Amino acid sequence: MNATKQTIEQLIVEPGKPARLDRRDPAWDGGPEFRHFSHDELKKDAAAVLARSVQALEAAHELLWASDRYGLLIVLQAMDAAGKDGTIRHVMSGVNPQGVDVVSFKQPSAEELGHDFLWRASKALPARGRIAIFNRSHYEDVIAVRVHPEWLDRQHLSPGSDGETFWKQRYESINGFERHIERNGTKIVKLFLHVSKHEQRKRLLARLDHPEKEWKFSATDLAERAHWEEYMHAFEDALTATSTPWAPWYVIPADRKPLMRALAASVIVETVSSLGLSWPEVSKEQRAADVRAREALEAESD
Ligand code: ATP
Ligand code: MG
C-alpha cells in the first residue's frame, strides 16, 4: 500500500486553474486507495504508508546530498492547529538532521521590515544537497497581511501600495522568485494543510481541555479564527495565482491527521523522485586512486 500518483494528482492545484478550496473536502477519505478502511484500519494503514515514505525520503535525501545538485524547499502553510508541527516531526523523523533546516516565519522583525518581503525567505533557502522546511513562509505576506492590510503600514512601502494591483504584483514577485530559484537548483513543493473550521474548533477546545496541550493555545488563534472566511478567500486567491509548473501547490486534507501525514510525505517523496537523481559516478582517475588507497590500507599491519 502506498499513496499512488493518481491519489497525489488529485491534490494538486493545476496551474492556471482556480484552487476551488470550497470543493475540496478537508475530511476527504483518501479516495479508492484508502476509502474501504475503517477508522482504526485507516490509522494503521496511513501509518504504514507514512513509515514507507519516511524510509524513501531518507534514501532520497542521501541521494540529494550525494549528488550535490539540488536543494529541496518544502513550504507549509495552514490555519492554526492544522498540524504543521506534527507533520514536520513525523515526515522528517527518518532524515539526517544535519541536512535539514526548519525555518519558522513569525511576525517580521524591524530588520526584516527594512527589506523587501522576499528578503528573509531568500536568506533561508536550502543550499544544494539540503532540505529547508518553511513553517509558514513568504506567503504570509499575501495571506495574513492581505487579511490585515493595516499591517502594510509597518512595511515602509511607497504611497498607494494596496488594492488589487498591489496583490497581483506580489504574486508576480513570488512567481518570479520561485522561477529563479527553481532554475538554479532549488526544487520547490508547497503544501497547504486544509483543515475545516469545525475541526479547528475541536482541536482548539482540546488544547484548553488538556493541561499538557494548554501551552499551545494562544488567544491570537481565536482572533484569527474570527477572520476565517477572509483567510479562505486569501488562500484561494494566492494558491490560484501561484501554483505553477515549477512550484505547484498541493492541498492536503487535514481533518484526519494520519491520512494528512501520509499524503504529505507521499507528495514530498514523489517530488524528490521526479528529480531522477542517481549516485555520482566515480571517474577513472578517482577509481585508480581508490585502488591505490586500498592497496595501501591492506599493506598495513594491524
Ligand atoms: P505555533 O502556534 O504552532 O507555535 P505558528 O506558526 O502559529 O506556530 P505563532 O508564533 O503562533 O506561530 O504565529 C506566527 C504569526 O506570525 C502568525 O499569526 C502569522 O500570521 C504571523 N506572521 C508570519 N509572517 C508574517 C508577516 N510577514 N507579516 C505579518 N504577520 C506574519
Ligand atoms: Mg500560532
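The shown structure was predicted, so the numbers you read here are calculated from the model rather than taken from an experiment. Just so you know, ligand 1 is whichever comes first in the structure, and atom 1 is the first atom listed for that ligand. Both backbone and side-chain heavy atoms feed into the values below; hydrogens, waters and symmetry mates do not.
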**Item:** Salt-bridge present (Arg146, Glu164; N to O < 4.0 Å)
**Value:** yes
**Item:** Side chains of His210 and Glu212, donor plus acceptor under 3.5 Å
**Value:** no
**Prompt:** Are any of the side-chain nitrogens in Arg292 or Glu295 under 4.0 Å away from the carboxylate oxygens of its partner?
**Reply:** no
**Prompt:** Considering only heavy atoms from C-beta outward, does the side chain of Glu182 approach that of Thr244 to under 4.5 Å?
**Reply:** no
**Fill in**
Within the 4.0 Å heavy-atom cut-off around ligand 1, the contacting residues, ordered by chain and number, are Asp80, Lys84, Asp85, Phe105, Lys106, Gln107, Pro108, Arg120, Arg136, Glu140, Asp141, Ala144, Val145, Trp151
**Request:** Report the C-alpha separation of Thr271 and Ser274 in whole Å, then their side-chain angles, then the decisive distance to 0.1 Å, and conclude whether the side chain to side chain donor-acceptor pair (under 3.5 Å) test is met.
**Result:** CA-CA 5 Å; Thr271 304; Ser274 75; 5.7 Å; no
**Request:** Taking the side chain as every heavy atom from C-beta outward, state whether His138 and Ile174 have any pair of such atoms under 4.5 Å apart.
**Result:** yes
